[in-house]
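Here's the structure we're looking at; comments come further down.
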Amino acid sequence: MADAPALEIEHLSHPANPSLLTIQQHVMREQRRFPNATGEFSWLFSGLTLATKMIAARVRRAGLSDILGSAGATNVQGEVQQKLDVFANETLIESLSWKETIGLIASEENDRLTAVHYGSPGAKYAVVFDPLDGSSNIDVNVSVGTIFSILRCPDGCADDPAKWVLQPGRKQVAAGYVLYGSSTMLVYTSGNGVHGFTLEPSIGAYLLSHENIKMPARGPYYSVNEAYRDSFPAPYPAYLDALRKGGLGKKYALRYIGSLVADFHRTLLKGGVFLYPPTADAPGGKLRLMYEANPIAFLAEQAGGIATDGAKPILELVPDAVHQRTPFVVGSRDELELFHQMAAR
Ligand code: P6P
């Protein structure tokens, strides 16, 4: 038989179109950096992405379905639970419970830890989350968010839930948030930069939209609830005055949404500083260390920013309790260096 005609091949420049990179593909690529990665982490991550797509769909229709308003109960924080809080919490726990690699779940909405595959040999991770942060803003159509932190079981944690969960933020394997804003955006880090994915509703996929986000060294905004100013301890009032009066060579504008994920997302992209200082009502700070400050601080540092409790780096704090609170100052290098200079006086 005559030789078959030679088949021509054309090499594809890969990825041909980075904007078609889904979060699953990105996580798979990232975890190849870990020599013994076996796909467990990306399998776990798919539980988070599925749940947040379901939450996004519900948030988008909040005014049209009986999902607004109070659920008629209060959570472990003593906060009135919104119906969407309950939905988000239950959806995340349900979706993650299918992942054999997850041993424990800690949620802002639950007093106690939830044992998922706790005790099984394949369970290696704990997922800590605030299912719907800023939920009091839902009824007025302001952005809200899901914040998550992923911890790996340290040696000897198998029969000690506290050892597994109460780890300093420096030990996070990954962390991120989903912002239900003008678009739905997932921002995460696994220790190799910060990457943003925007949900394409028509295909239900998170697509890479902001690769390797870097926080500007200085920004135009400071973000704090100034209604509590009179109860801020030193150096917060003087620091805010310094910013406002041009202490860094320019005047600042104040932006405060009252939803941590939204206020931080702006700080991440535009620069500046977000603060929740100690107040008379919250002398230890209002924001929770494990599932608000730690994941945000991990993202901030990975993007070139700084996060402190006013004295120490957030990621160095060793938690005593799942729901403990902390003062929180996070943002750009220049604004945080000025804060540290004033705090040291
Ligand atoms: P305040 C929302 O309730 C939240 O936990 C964060 O999302 C937000 O940054 C903060 O509280 C707002 O608190 O006291 O200014 O209303």
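Indexing begins at 1, ligand by ligand and atom by atom, following the structure's order. What you see is a predicted model; the values in this text were computed from it and never measured. Start at 1 with the first residue, then count along the sequence.
For Arg325, no heavy-atom contact with ligand 1 is shorter than 4.0 Å. When non-hydrogen atoms are compared, ligand 1 lies under 4.0 Å from the backbone of Leu260 as well as from its side chain.
Atoms of ligand 1 lying under 4.0 Å from at least one heavy atom of Gly134, given by number and element, are 2 (C), 7 (O). Heavy-atom contacts of Asn225 reach the following atoms of ligand 1: 1 (P), 15 (O) (cutoff under 4.0 Å). The contact set between ligand 1 and Tyr256, taken as ligand atoms under 4.0 Å from a residue heavy atom, comprises 1 (P), 12 (C), 13 (O), 15 (O). Using a 4.0 Å cut-off to heavy atoms of Glu292, the atoms of ligand 1 that qualify are 5 (O). In summary, the atoms of ligand 1 found under 4.0 Å from a heavy atom of Tyr276, numbered by their order in the structure, are 1 (P), 13 (O), 14 (O), 15 (O). The Ser259 neighbourhood of ligand 1 comprises atoms 7 (O), with distances under 4.0 Å to a heavy atom of that residue. Within ligand 1, counting atoms from 1 as listed, the ones closer than 4.0 Å to a heavy atom of Arg288 are 5 (O).
For the residue pair Arg60/Thr184, the side-chain donor-acceptor check at 3.5 Å is satisfied. Using a 3.5 Å distance cut-off with no hydrogens or angles, the side chains of Lys99 and Ser46 do pair a donor with an acceptor.
Residue contacts with ligand 1 include Asp133, since one or more of its heavy atoms lies under 4.0 Å from the ligand.
Partner Tyr252 forms a side-chain hydrogen bond (donor to acceptor under 3.5 Å, both in side chains) with one of Glu335, Arg244, Arg218 and no other, that one being Glu335.
A tilted orientation is assigned to the rings of Phe45 and Phe41, their planes being inclined by 30° to 60°.
Checked against a 6.0 Å centroid threshold, the rings of His195 and His210 do not count as neighbours.
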**OP:** Could you check Tyr239 against Tyr222 for side-chain contact (heavy atoms from CB on, under 4.5 Å), going step by step and ending with a plain yes or no?
**Re:** CA-CA 11 Å; Tyr239 175 66; Tyr222 71 93; over 6 Å; no

Original post:
Would Lys312 and Asp309 count as a salt bridge (charged side-chain N to carboxylate O under 4.0 Å, His left out) if you check the C-alpha gap in whole Å, the side-chain angles of each, and the deciding distance to 0.1 Å?
Top reply: CA-CA 6 Å; Lys312 290 177 64 179; Asp309 70 346; over 6 Å; no

